[in-house]
Structures are given as structure tokens and as C-alpha cells.
Amino acid sequence: MYDLEDLYQEIVMDHNRRPRNFGELKEPTTTADGFNPLCGDQITLQLSLEDGVVVDVAFNGVGCAISKSSASMMTEELKGKTLEHAENLFEAFRKMITRTPGESYDSDLLGDLEILQGVSQYPARIKCATLAWHTLHSAIQDGNEVVSTE
Amino acid sequence: MFDVEKIRLDFPILAKEIFGNPLVYLDNAATSQKPRQVIDALVDYYENFNANVHRGVHTLSMEATDKYEDAREKVSSFINSESSDSVIWTRNASESLNLVAYSWGENNINEGDEILLTPMEHHSNLVPWQELARRKNADIKFIPMLENGTLDMDRVDDLITEKTALVSAVHMSNALGTINPVRELGVKAHRMGAKILVDGAQSVPHMPTDVQELNCDFLVFSGHKMLGPTGIGALYVKKEILESMEPFLTGGEMVLEVSYEEASWADLPMKFEAGTPNIADSIGLGSAVDYLNVLGMENVREHEKDLTTYALNRFKNADLEGLDLFGPDDPNIRGGVFSFNTPDVHPHDLGTFLDRIGIAVRTGHHCAMPLVRSLGVAATARASFYLYNTKKEVDILVDGVTEALRYFRDGPN
């Protein structure tokens with residue numbers, strides 16, 4: 001049996017209470033919206049890009065503790081990183097969250113994001129954790145399009 | 001005598017534990033649990049009577065047909081239908097509504113006609129009408145809702161006009177618990193020559209239903225919310241209307257005579273039941289109706305009203321700062337459905353927390369997205385009760401919510 005604390009670790013709760021980079025950028029170069037129709041969670045992600053590097057990032061919206069803290073941690077991780085690195089993180093994060101028990105993931109690459117690995121034990125909450133990341137992926141791939149988890 | 005502890009023993013799943021805690025099943029508006037009697041009826045059918053119906057001359061087929069039609073009689077009596085020919089088997093309330101929208105709607109809704117709905121409809125009593133209105137260039141209107149989650153009945157006379165072809169209303173809201181005055185709506189609809197459809201998905205399982213007393217033209221409901229199996233539902237249509245309706249699905253079973261060029265239709269109710277029907281689950285639903293009849297639907301309603309009164313009080317008096325409980329606070333016009341929201345804890349986090357202590361609640365928009373949005377929230381948590389729930393379970397719920405709010409505010413310790 002898994003403890004509730006595997007999911008709601010202290011760091012997760014802290015990001016939920018005080019989300020980082022929460023709000024809007026003055027001059028974003030890319031904006032993308034994400035929506036989870038199942039639970040009504042919604043996120044707007046703004047990126048300020050220079051030469052393929054994320055110089056600033058912000059998010060806004062409504063969501064549960066998992067989706068909010070995941071978005072918050074993602075924005076902290078992205079600053080100063082290249083889009084290529086961001087895409088690698090997206091793939092690694094998705095793999096970690098959707099893995100079957102015993103399957104490995106790139107914990108070196110993910111760093112602090114590994115705190116959310118417990119979500120993989122809660123199938124109903126996977127989309128909460130990945131919403132921000134899917135929104136990022138769509139911002140990089142298509143730019144300015146609404147992405148849905150369904 | 002309505003003995004809830006004795007009733008609980010009939011439901012094997014209620015003995016289950018979730019993470020070491022007794023299951024507190026409060027998601028009955030989504031689906032109900034099944035008593036041993038219904039499960040046994042399914043097994044009995046497959047072990048002793050399985051054959052196709054209305055076909056063979058062999059003994060098994062005749063026995064299966066008898067049991068299948070007997071189940072229709074039971075469901076028909078349960079809603080006090082004039083005749084079991086008026087009761088059509090469907091998969092669920094959604095299919096019943098689609099049957100009406102296609103079969104009756106295609107021939108009776110014309111350009112410029114109006115369909116009047118309530119703002120608290122389940123998507124199943126909204127989307128088929130949106131689609132029909134789009135095909136026909138008809139309009140959909142809504143009866144306004146008051147702050148307390150009841151309909152603004154003062155506005156209904158102005159909204160039902162000679163343009164109105166259909167009033168379709170949910171009897172008991174799956175999101176608010178509101179019991180709507182559908183009989184009164186029917187009187188007003190008929191006065192202007194419109195038809196009245198009652199969505200009984202939440203009311204038929206929880207209170208006595210009498211289609212003659214309601215004087216409704218259509219009633220839809222689902223078996224799985226009233227102790228029956230999934231995959232079986234019913235549609236009641238007044239006979240004179242049903243006789244004028246064209247088939248919805250065509251093929252085997254629903255025909256009288258077929259040539260290579262054309263076909264004629266079987267009599268009611270089979271005209272609306274193409275293909276091999278859901279024999280086992282119809283029989284299962286018949287068994288669920290037997291079970292409910294032994295308890296008495298008046299007693300079921302009284303028990304749930306009692307629980308509702310108790311829960312309203314507990315919610316009001318608990319230390320639940322900022323908790324918004326939606327719906328009317330009068331148990332006489334409310335079923336055992338409790339949708340609520342807390343500003344600091346998202347419904348999904350609350351749902352996960354409650355699950356860990358064994359409580360099953362629904363979180364989200366409850367298939368009523370426009371309604372939940374109009375409440376100013378993205379989602380709610382919903383606890384919904386049935387005949388086997390107890391006051392002790394209300395206590396476990398309210399204490400659990402209190403504990404969850406503390407957990408997300410102060411952390412695990």
C-alpha cells in the first residue's frame with residue numbers, strides 16, 4: 001500500500017500553497033493553453049524565448065495540488081534551458097509518470113522533478129501531473145494552440 | 001420495517017475494505033451497488049434459462065421469453081404505466097433520450113419550434129436536443145434557476161408558448177439534488193400543446209414514480225442506478241404517442257414481415273427493439289424492482305430524506321470554513337445528493353484524500369458542465385446517498401472532509 005504522503009510530499013504541498021512563476025509575463029513570445037475537460041483544470045503557459053532558450057516563463061490557471069505544483073516545478077526547471085532540453089525533460093517526465101511498476105526512468109535528467117514520481121501509483125491523477133508538460137510540449141511544437149488531455 | 005443494517009447484508013460489496021478502511025460508498029448518483037438477489041438472478045438466468053427470446057419453439061427459449069417479458073411487466077408496474085407495451089428496453093437513459101430525439105423529434109420538431117430545458121440537465125438531456133435543434137433549425141430555451149438551485153417557476157408561463165414543442169426536465173438533479181416540480185411543468189406544457197419529457201435517471205431509483213399521476217409523455221431512466229445491472233435502461237412513452245413514432249433502429253426482432261424490397265414493423269414494444277435484446281440484464285433489472293418493492297419506495301424516500309436532513313445539519317454545523325454546499329436546503333425538495341466546493345482544496349485532491357480513508361465520492365463536473373460552470377467553479381466534489389447508507393457514514397464523510405481541509409492547510413501532521 002502506498003501512503004498519501006508519496007503523492008503529497010511536503011515540497012509538492014509547498015508549491016501548491018505558493019506556486020512559483022505564477023502570473024503573467026509582460027512580453028511573452030509564446031503562449032499556450034492547456035485544458036483537462038475531465039476535471040476542469042486549466043492552465044495558460046507563457047514563455048519568453050531568445051535564440052531557442054527559455055529566458056522567462058510563467059503560468060496561470062486553476063487546478064488541483066498536483067497540477068499546480070507540477071506546473072510550478074516545471075517553470076523553475078525551465079529557466080535558462082534550451083527548447084531541446086525542455087523537450088527531453090517532457091519525454092523523461094512523461095515516462096516517469098506513466099511507467100509501470102519496476103520500469104526505470106532518467107532520474108539524473110529529471111532532478112528535483114523526481115519528487116512527483118509517486119503520481120505513477122495514482123492512475124486517476126496522471127493527467128493532473130502531465131497537463132503543464134503537455135501544454136509546454138504544444139507551445140514548443142505548435143505555439144499558441146489549446147491542448148487537451150483527452 | 002426499514003432496517004438499514006439488515007439491508008446492508010444483502011450487498012456483498014459493502015463488506016469490502018479500501019486501504020484497510022470499510023468502504024463508504026457515496027457515489028450512488030453515478031451507479032448503485034447490487035444486492036445478492038440481483039447478482040443471483042443474473043447467474044440463475046445464465047445457468048438455467050439462457051436462450052434467445054421470441055424465436056424458438058423449444059422450452060428454453062420460451063422460458064427465457066417468459067422471464068424477459070415478466071421483467072418488462074415488473075418495470076411497467078413499478079412506474080405505474082398503463083401498459084407494458086409502453087415500456088421500451090434501452091441500454092440506459094441516454095439511449096432512451098436519443099430514441100425520443102430521433103424517432104419522435106425528427107417528425108415533430110420543426111423549424112422555429114422551441115425546446116424548453118432546465119439549466120441543470122445532465123449532458124444526456126442536453127446534447128441530443130442541441131443536435132436535433134441544429135438539424136431542424138429549432139431553438140432551445142432554459143428555465144432560469146434561482147440562487148438556491150431551484151427553478152424560477154414564475155418565469156415558466158412566459159417561456160412556454162405556442163412555439164414550444166417539448167419541455168424536457170430532470171426530475172432530480174444529479175449535481176444539486178434538486179427535485180423539480182415536473183408534474184406542474186407538464187400541466188403548463190400540455191396547456192400550450194407541448195409534450196413533457198421527464199428524465200428520471202435520479203428520481204426513479206429514489207422515490208415512488210407514477211407516470212399516470214405525473215401525466216408525463218416520456219420518462220427515461222437507467223437500471224444500474226436502481227440496483228440493477230449496467231447496460232439496461234428503459235423508456236416509457238404514452239401509448240398514443242408511441243404508436244405514432246417511427247422505429248429508431250431497424251433490423252431483426254423489430255419486424256413483422258420482410259421481403260427483399262421492404263419490411264413492416266412488429267407491434268409495440270418490439271417495434272423499438274431491434275436485434276437480440278439484453279435479456280440477462282432486463283431480468284436483472286426485474287429482480288432489482290422486486291427488491292425495491294419489498295422495501296417500498298415510500299420507505300426508501302423516507303430513509304434518504306432522513307439522511308439528507310441529517311447531512312444538511314452536519315455540513316452546516318461542522319468546522320468547514322468556506323465550504324460551499326450547493327442546492328436547496330429543504331429536504332422535501334432535495335434528494336440525497338451533496339455537491340460542494342472548498343476554496344482551498346481542489347475537489348480532486350479531496351477525492352484522493354477521501355479515497356484513502358475508504359470514502360468513494362465523485363469529483364468533477366458530473367456530466368453537467370454548463371451547470372457547474374454557472375456555479376462559478378471548475379469542478380465540485382459530490383457525495384450521493386442510497387438506501388443502504390447510514391448516518392454513521394454521513395459522520396465519516398463530514399469528519400473526512402474536515403480532516404482533508406486540515407491536511408491540505410497544515411500538512412500531514
Side-chain angles (χ1 to χ4, degrees), chain A residues 1-19 22 33-44 59-72 97 115-132 135 146 148-150, chain B residues 16-21 27 30 123 127 175 324 326 339-382 400-401 403-413:
Chain A
M1 181 191 139
Y2 304 110
D3 283 338
L4 204 55
E5 280 71 35
D6 288 346
L7 186 65
Y8 297 111
Q9 298 208 22
E10 191 42 51
I11 295 174
V12 172
M13 301 287 258
D14 183 59
H15 277 271
N16 177 41
R17 277 185 225 110
R18 301 184 301 113
F22 192 73
D33 291 314
F35 182 52
N36 182 349
L38 201 69
C39 58
D41 284 2
Q42 180 267 324
I43 178 175
T44 300
F59 81 102
N60 218 330
V62 288
C64 63
I66 302 303
S67 81
K68 218 198 283 181
S69 60
S70 178
S72 173
I97 297 290
I115 284 160
L116 283 166
Q117 62 81 24
V119 176
S120 68
Q121 293 143 17
Y122 292 78
R125 306 303 300 276
I126 285 169
K127 285 175 179 173
C128 310
T130 54
L131 178 63
T135 309
V146 176
S148 163
T149 56
E150 292 304 297
Chain B
K16 191 179 163 94
E17 293 195 338
I18 305 286
F19 302 112
N21 299 295
D27 196 15
H123 297 160
V127 181
D324 268 330
F326 301 108
S339 269
F340 53 93
N341 207 286
T342 55
D344 299 330
V345 183
H346 190 280
H348 266 191
D349 296 317
L350 184 61
T352 294
F353 183 94
L354 294 177
D355 179 53
R356 288 283 133 164
I357 51 176
I359 306 172
V361 296
R362 170 86 190 266
T363 58
H365 50 65
H366 320 301
C367 296
M369 268 192 212
L371 171 70
V372 171
R373 245 178 240 146
S374 78
L375 300 173
V377 295
T380 77
R382 179 190 70 188
V401 174
E403 180 61 18
L405 298 193
R406 195 202 58 73
Y407 181 91
F408 286 101
R409 191 184 58 222
D410 305 335
N413 307 305

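Just so we're on the same page: letters track the sequence lines, and every chain starts at 1.
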Heavy-atom pairs under 4.5 Å with chain B are the metric here; pick the option from A:C128, A:A65, A:A124 that has the most.
A:A65
Interface moiety of A:I66 toward chain B, non-hydrogen atoms closer than 4.5 Å:
both
Can we say B:D344 and A:R17 salt-bridge, meaning some charged N sits less than 4.0 Å from an Asp/Glu carboxylate O?
no
Could you give me the CA-CA distance, side-chain angles and deciding distance for A:D41 and B:H346, then say whether side-chain hydrogen bond (donor to acceptor under 3.5 Å, both in side chains) is met?
CA-CA 10 Å; A:D41 284 2; B:H346 190 280; 2.9 Å; yes
Could you tell me the separation between the CG atom of A:L4 and the OH atom of B:Y407, rounded to the nearest 0.5 Å?
4.0 Å
Would you mind checking which part of A:E10 comes under 4.5 Å of any heavy atom in chain B, side chain (CB onward), backbone (N, CA, C, O), both or neither?
side chain
What pair of heavy atoms forms the shortest contact from A:R125 to B:H348, and how long is it?
NH1-O, 3.1 Å
